[in-house]
Student: 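Starting off with a structure, shown below.
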Amino acid sequence: MRSYFQNAQSFSVIFFSLGVLSGCIKSETPPKNVLFILVDDFGYYDMGFRGSDFYETPNIDKLASESTVFDEGYSNSRVCSPSRASIMTGKFTARHGITDWIGAPSGEAWRKKGRFNKLVPPSYVENLPSSDITLAEALKQKGYSTFFAGKWHLGEKGSFPEDHGFDINLGGIGAGSPRGGYYGPFKNPKLKNKETGENLSMRLARETVDFMKKQGEQPFFAFLSFYAVHAPIQTTQVKWKKYRDKAENNGMAKRGYAMEHFLPIRQVQDNPIYAGLVESMDEAVGHVLSSLKEMGLADNTMIVFTSDNGGVTSGDNYSTSNLPLRGGKGYQFEGGIKEPFLIQVPWLTNQITKTDVPVTSADLYPTILDVIDADLLPEQHQDGVSLKPLLEGKSLAERSLIWHYPHYGNQGGQPSSMIRKGKWKLIYYYEDERNELYDLEADISETKDLSLQQESLTKALKNELFNYLKSVNAKYPKKDPLYDPEKEKEHLQKMATLKLKALERRRWEILQPDFEPNADWWGSQVTQD
């Protein structure tokens, strides 16, 4: 009996020792991390790899060369809050109800904008619904540490990132633009000031890196949501001069603007302030990507890179041009919704480099779950589908993509809803109940309306669009009983003359060799970025 207990004790010591030893050995399978990079108001052609001969984005270009590039990648809205809600919920905007940027006037309050429009836009949901299981909450349930840095714009206190599944929130508040600008102090209650003149984009990047460094074997979901390149656009004097000289060397166009329906629209990429802002954001991206490699995390971190809507061509700072795509932020055309859309998954051995299958940001929720081998939540991400098959070179069943924006907005777009199916895109306008139909394979600039030549297809797409909108109880604009066509005509005439001239004058001022916005270049001269 004594011998038995002695042997049992010996085996216990052996097993205990093996257990301690195994606890000291790193897991053979490292955690599958997720880094999501969201740029605000970043246009489809605002990058070098897309052919811009003005903006310089070497770090994003390199990421694109190592990722699957979705040539037909879309945001779910032409403005920010709705598309951000779609990322978080996996739903199209009409379903989750945030159909305009949070804070935009609706109903009769729209009249205060002085546009004299035919319609009054409907109300919309003004907080990310707590009933949804957000992407962050889904990953947190899977044991992920969750981190958010930057722009949120999905509700005020009570609907901040920490209220929707993020363990850490640095900079995410209700505001849609950086209150203190792009150089510290930032005037953001969720982001403590460290250095006067500190660059906001790089600060957010460094905070993201610091978070990732601390995780060890803990899987993480880091959401880096730049305020850049949203207005107010700002840069350093050094970067302004670099791009001012580049604009001159490229040959400055005599005119920079043309007139769209409601507002002038920018036609050229030659704003040196915006170009400097883009470069600073790209440098911040580079810092995060290089740090991933230095920390040994690059091989087990999925990277998503996209934007929340198209580049700003009208309204705000009239920053860029999306040509040959028509329109920009706020517009119903491709320039308003077509985005940079990159996904890199290092552990997928057969990942393809490019696809032209139309996808939207609502697809990223199920895609992330699928790629990290987590169960999908189809009752939550009802409009999104996993893109993992596309990443692996397989096919997806054809489906329809739907956008719903029954508002006017700040940038010149018209209240409308759209549906894309295959190569066809139908736009339905609420002001006059008119349809436009475009063949996007043959006409990416949306110049040739085929609705009359393709009447049966137009009818079928319109029916499908409104069947969907009806199924999710979508809201629609209504006729304004106070509408005065003469006042609207007078307003549009001012936009086509006085506003257009003012924009051209400002463009030339910014391009002059002695341009100086203020004494310290928006506070950037304390530290040059």
Side-chain angles (χ1 to χ4, degrees), residues 77-79 82 93-94 99-100 104-111 113-124 258-265 313-315 326-337 400-421 424-440 443 445-470 474-496:
S77 178
R78 61 184 91 169
V79 295
T93 60
T99 53
D100 205 355
S106 61
E108 294 181 359
W110 174 253
R111 294 180 187 141
K113 300 291 287 187
R115 300 281 186 88
F116 308 104
N117 299 125
K118 294 180 181 178
L119 306 175
V120 291
S123 61
Y124 55 89
M259 188 65 192
E260 248 292 351
H261 186 80
F262 288 127
L263 289 173
I265 187 166
T313 55
S314 296
R326 185 176 176 184
K329 178 182 180 180
Y331 281 90
Q332 62 274 15
F333 304 113
E334 293 291 276
I337 54 176
S400 297
L401 307 178
I402 289 172
W403 294 265
H404 182 58
Y405 190 73
H407 311 278
Y408 285 100
N410 297 336
Q411 295 82 22
Q414 296 162 269
S416 51
S417 296
M418 299 101 75
I419 180 171
R420 174 167 180 176
K421 192 168 189 177
W424 298 102
K425 176 182 172 184
L426 178 123
I427 306 173
Y428 176 83
Y429 292 88
Y430 290 101
E431 281 195 334
D432 51 10
E433 301 180 348
R434 174 172 53 90
N435 300 299
E436 289 178 350
L437 180 70
Y438 297 105
D439 177 351
L440 295 179
D443 181 21
S445 300
E446 295 168 284
T447 60
K448 189 175 182 181
D449 174 17
L450 301 175
S451 59
L452 296 181
Q453 291 96 313
Q454 298 278 350
E455 289 186 9
S456 60
L457 176 60
T458 298
K459 183 178 180 180
L461 288 174
K462 179 185 174 183
N463 287 341
E464 183 178 353
L465 170 63
F466 278 93
N467 284 339
Y468 173 86
L469 295 177
K470 182 179 179 180
K475 294 183 179 180
Y476 307 101
K478 298 179 180 179
K479 291 183 179 180
D480 187 347
L482 302 184
Y483 171 65
D484 185 334
E486 290 302 316
K487 287 185 178 180
E488 184 181 39
K489 182 179 178 181
E490 181 182 347
H491 171 74
L492 293 178
Q493 183 64 25
K494 288 180 180 178
M495 294 298 103

Student: Could you tell me whether the side chain of N435 reaches within less than 4.5 Å of the side chain of L426, counting heavy atoms only?
Tutor: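 A side-chain contact under 4.5 Å exists here.
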
Student: Taking C-beta and beyond as the side chain, do I337 and R420 meet within less than 4.5 Å on heavy atoms?
Tutor: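 SC-SC contact between I337 and R420 ruled out.
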
Student: Closer than 3.5 angstrom, by distance alone: can the side chain of Q332 be matched with the main-chain N or O of Q414 as a donor-acceptor pair?
Tutor: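 It does hold such a pair.
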
Student: Where is the tightest heavy-atom contact between P264 and S314, given as atom of each residue plus distance?
Tutor: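 Closest approach of P264 to S314: O-OG, 2.6 Å.
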
Student: Determine, for E488 against K118, whether the closest basic-nitrogen to carboxylate-oxygen distance falls under 4.0 angstrom.
Tutor: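 Answer for the salt bridge query: no.
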
Student: Let me confirm one number: the CD1-CG distance from I402 to L469, rounded to the nearest 0.5 Å.
Tutor: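 Output value for this atom pair is 6.0 Å.
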
Student: Y438 vs E334, test: side chain to side chain contact (heavy atoms under 4.5 Å, CB included). Steps then yes/no.
Tutor: CA-CA 11 Å; Y438 297 105; E334 293 291 276; over 6 Å; no

Student: Any side-chain heavy atom of F116 sitting closer than 4.5 Å to one from K489?
Tutor: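 No, every pair of side-chain atoms sits at 4.5 Å or beyond.
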
Student: Between the main-chain N or O of H491 and the side-chain N or O of R115, is there a donor-acceptor pair closer than 3.5 Å?
Tutor: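 It does not hold such a pair.
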
Student: Counting C-beta onward and ignoring hydrogens, is there a side-chain heavy-atom pair between Y408 and P415 closer than 4.5 Å?
Tutor: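 Yes, their side chains come closer than 4.5 Å.
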
Student: For Y428 and Y430, I'd like to know if the aromatic rings sit close, meaning centre-to-centre distance below 6.0 Å.
Tutor: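 Centroid separation for Y428 and Y430: below 6.0 Å.
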
Student: Nearest 0.5 Å, what's the OG-NZ distance between S400 and K425?
Tutor: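 Separation between the atoms: 14.0 Å.
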
Student: For the atom pair CD (E436) and CG (L452), what is the distance rounded to the nearest 0.5 Å?
Tutor: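 E436 CD to L452 CG: 10.5 Å, rounded to 0.5 Å.
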
Student: A474 and A94: which non-hydrogen atoms are nearest, and at how many Å?
Tutor: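 The pair with the smallest heavy-atom distance is CB-CB, 4.2 Å.
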
Student: Checking R434 against Y429: charged group under 6.0 Å from the ring centre and within 45 degrees of the axis?
Tutor: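 Cation-pi check for R434 and Y429: passes.
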
Student: Got K479 and L119 here, is their nearest side-chain heavy-atom distance under 4.5 Å?
Tutor: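 Yes, close enough: below the 4.5 Å cut-off.
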
Student: Looking at CG of L482 and CG of N117, how far apart are the two atoms once the value is rounded to the nearest 0.5 Å?
Tutor: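 If we round to the nearest 0.5 Å, L482:CG and N117:CG are 13.0 Å apart.
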
Student: Hey, does the side chain of R326 reach the backbone of E446 with a donor-acceptor pair shorter than 3.5 angstrom?
Tutor: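 Yes, the answer is positive, given that a donor and an acceptor are paired below the 3.5 Å cut-off.
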
Student: Can you give me the closest heavy-atom contact between P121 and P105, atom names plus distance?
Tutor: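 Closest approach of P121 to P105, heavy atoms only: CG-O, 4.2 Å.
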
Student: Between S106 and S123, what is the shortest heavy-atom contact and its length?
Tutor: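 Scanning both residues, the minimum pair turns out to be OG-CA, 3.7 Å.
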
Student: Do side-chain atoms of S451 reach the backbone of L437 as a donor and acceptor pair under 3.5 angstrom?
Tutor: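 Side chain of S451 to backbone of L437, a donor-acceptor pair under 3.5 Å: no, none is there.
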
Student: Output yes when a side-chain donor or acceptor of D439 lies under 3.5 Å from a complementary backbone atom of D443, and no otherwise.
Tutor: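 Not at all, since once roles are kept as given, no pair shorter than 3.5 Å links the two residues.
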
Student: Stepwise, does the side chain to side chain contact (heavy atoms under 4.5 Å, CB included) test hold for R78 with S416?
Tutor: CA-CA 11 Å; R78 61 184 91 169; S416 51; 2.7 Å; yes

Student: If you apply the rule side chain to side chain contact (heavy atoms under 4.5 Å, CB included), what do you find for V79 with Y405, and how did you get there?
Tutor: CA-CA 9 Å; V79 295; Y405 190 73; 3.6 Å; yes

Student: Would the distance check show the side chain of H404 and the main-chain N or O of K475 forming a donor-acceptor pair, the cut-off being under 3.5 Å?
Tutor: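 Pair found, side chain donor or acceptor close to backbone of K475.
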
Student: So with a 6.0 Å cut-off around CD of E108, is the heavy-atom count from everything else above 12?
Tutor: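 Count not over threshold, so no.
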
Student: For the residue pair W424 and L440, establish whether any side-chain heavy-atom pair is separated by less than 4.5 Å.
Tutor: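 Not in contact.
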
Student: Quick one: OG1 on T99 to OH on Y476, what's the gap to the nearest 0.5 Å?
Tutor: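 Atom-to-atom, T99:OG1 and Y476:OH are 11.5 Å apart.
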
Student: Walk me through whether L461 and K421 qualify under side chain to side chain contact (heavy atoms under 4.5 Å, CB included).
Tutor: CA-CA 8 Å; L461 288 174; K421 192 168 189 177; 4.0 Å; yes

Student: To the nearest 0.5 angstrom, please state how far the CG atom of L401 sits from the CG atom of L465.
Tutor: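 If I round to the nearest 0.5 Å, the distance is 12.0 Å.
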
Student: Quick check: closest heavy atoms across M259 and H261, and the distance to 0.1 Å?
Tutor: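 Minimum heavy-atom contact is CE-O, 4.2 Å.
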
Student: Is the closest side-chain heavy-atom distance between K113 and N410 below 4.5 Å?
Tutor: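 A side-chain contact exists here, since the closest heavy-atom pair is under 4.5 Å.
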
Student: With a 6.0 Å cut-off (strictly less than), is the heavy-atom count around CD of E433, excluding the residue itself, greater than 12?
Tutor: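 Atom CD in E433 is not packed in, count stays at 12 or less.
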
Student: May I ask you to test the Y331-E260 pair for a side-chain heavy-atom distance under 4.5 Å?
Tutor: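 Y331 reaches E260 side chain to side chain.
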
